[in-house]
Every structure is written in structure tokens, then in C-alpha cells.
Amino acid sequence: MGYKCKLKVILAEMDMKHGDFADEAGISKAALSLLINNKTLPSFDTSYKICKILNKNLTEIWTVKNPEL
């Protein structure tokens, strides 16, 4: 099962720069780029921090690709 990350859209809607968000989340800019571009999934700790910072549920940030499969 694959997941699609909505961070790029969410950060744009919040007018938050990727670098600033990466710093606040305690991850590298490269790691954030990998998440945004759906190249990797975060650890539980990282996803928890991201959800807390954005005040969003996990399913608001990552959605299932092809949920019918």
C-alpha cells in the first residue's frame, strides 16, 4: 500500500517555508524534501511531531494511494 503526502499543499496554505518547518520538526531539509516528494515515509516520532506542529491528524497529511486496492 502506498501513501501520498500532502505536506507541500498544507505548508503552502499555511504560508510556511519548508526550511523553517524542517527546523521546527527537527528534521533535515533533505529529509523533508523526501517526504514531500513521496520518496520515503517518516518514522513514528517524526510523523507525530509533524502532526502536532500542524495540528492535523495523520490522515489529513498522508492519504492512501489507490484505496480500492
Side-chain angles (χ1 to χ4, degrees):
M1 180 180 326
Y3 298 93
K4 180 172 174 31
C5 180
K6 295 181 178 180
L7 276 174
K8 186 174 187 175
V9 172
I10 293 167
L11 294 177
E13 289 173 349
M14 297 178 77
D15 199 29
M16 187 177 285
K17 294 182 181 183
H18 293 188
D20 294 340
F21 181 76
D23 291 341
E24 189 173 348
I27 60 174
S28 69
K29 292 169 187 67
L32 179 62
S33 178
L34 290 172
L35 292 174
I36 287 173
N37 292 304
N38 295 297
K39 302 290 184 190
T40 190
L41 290 172
S43 68
F44 176 80
D45 289 342
T46 300
S47 59
Y48 185 84
K49 284 183 202 175
I50 289 170
C51 290
K52 291 287 278 183
I53 292 166
L54 298 175
N55 196 31
K56 296 199 176 285
N57 291 321
L58 185 72
T59 56
E60 294 176 278
I61 302 170
W62 287 275
T63 58
V64 176
K65 287 184 189 176
N66 303 319
E68 66 278 352
L69 296 178

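Residue indices begin at 1 and follow the sequence shown.
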Could you measure the distance from the CD1 atom of Ile50 to the CD1 atom of Ile10? Nearest 0.5 Å is fine. 9.5 Å
Sorted by first residue and then second, give each side chain to side chain donor-acceptor pair (under 3.5 Å) pair with at least one member in residues 5-20; sequence neighbours left out. none
With side chain to side chain donor-acceptor pair (under 3.5 Å) as the rule and sequence neighbours excluded, what pairs involving residues 42-57 come up? Ser43-Thr46
Do you know which of Asn37, Leu41, Ile36 makes side-chain contact (heavy atoms from CB on, under 4.5 Å) with Lys39? Asn37
Here the gap from Ser33 atom OG to Ile27 atom CD1, rounded to the nearest 0.5 Å, amounts to 10.0 Å
Connected via hydrophobic side-chain network under 4.5 Å: Met16 and Val9: no
State, to 0.1 Å, how close Ala25 and Ile53 come at their nearest heavy-atom pair, and which atoms those are. CA-CD1, 3.5 Å
Is Trp62 linked to Leu34 within one hydrophobic cluster, defined over Ile, Leu, Val, Met, Phe, Trp and Tyr using a side-chain heavy-atom separation of less than 4.5 Å? no
Could you give the distance from CG (Leu32) to OG1 (Thr40), rounded to the nearest 0.5 Å? 12.0 Å
Which residues pass the side-chain contact (heavy atoms from CB on, under 4.5 Å) test with Asp23, sequence neighbours left out? Lys29
Gap between atom SG of Cys51 and atom CG of Leu58 - 0.5 Å precision: 5.0 Å
I'd like to check Tyr3 versus Val64 (side-chain heavy atoms, cut-off strictly below 4.5 Å). Are they in contact? yes
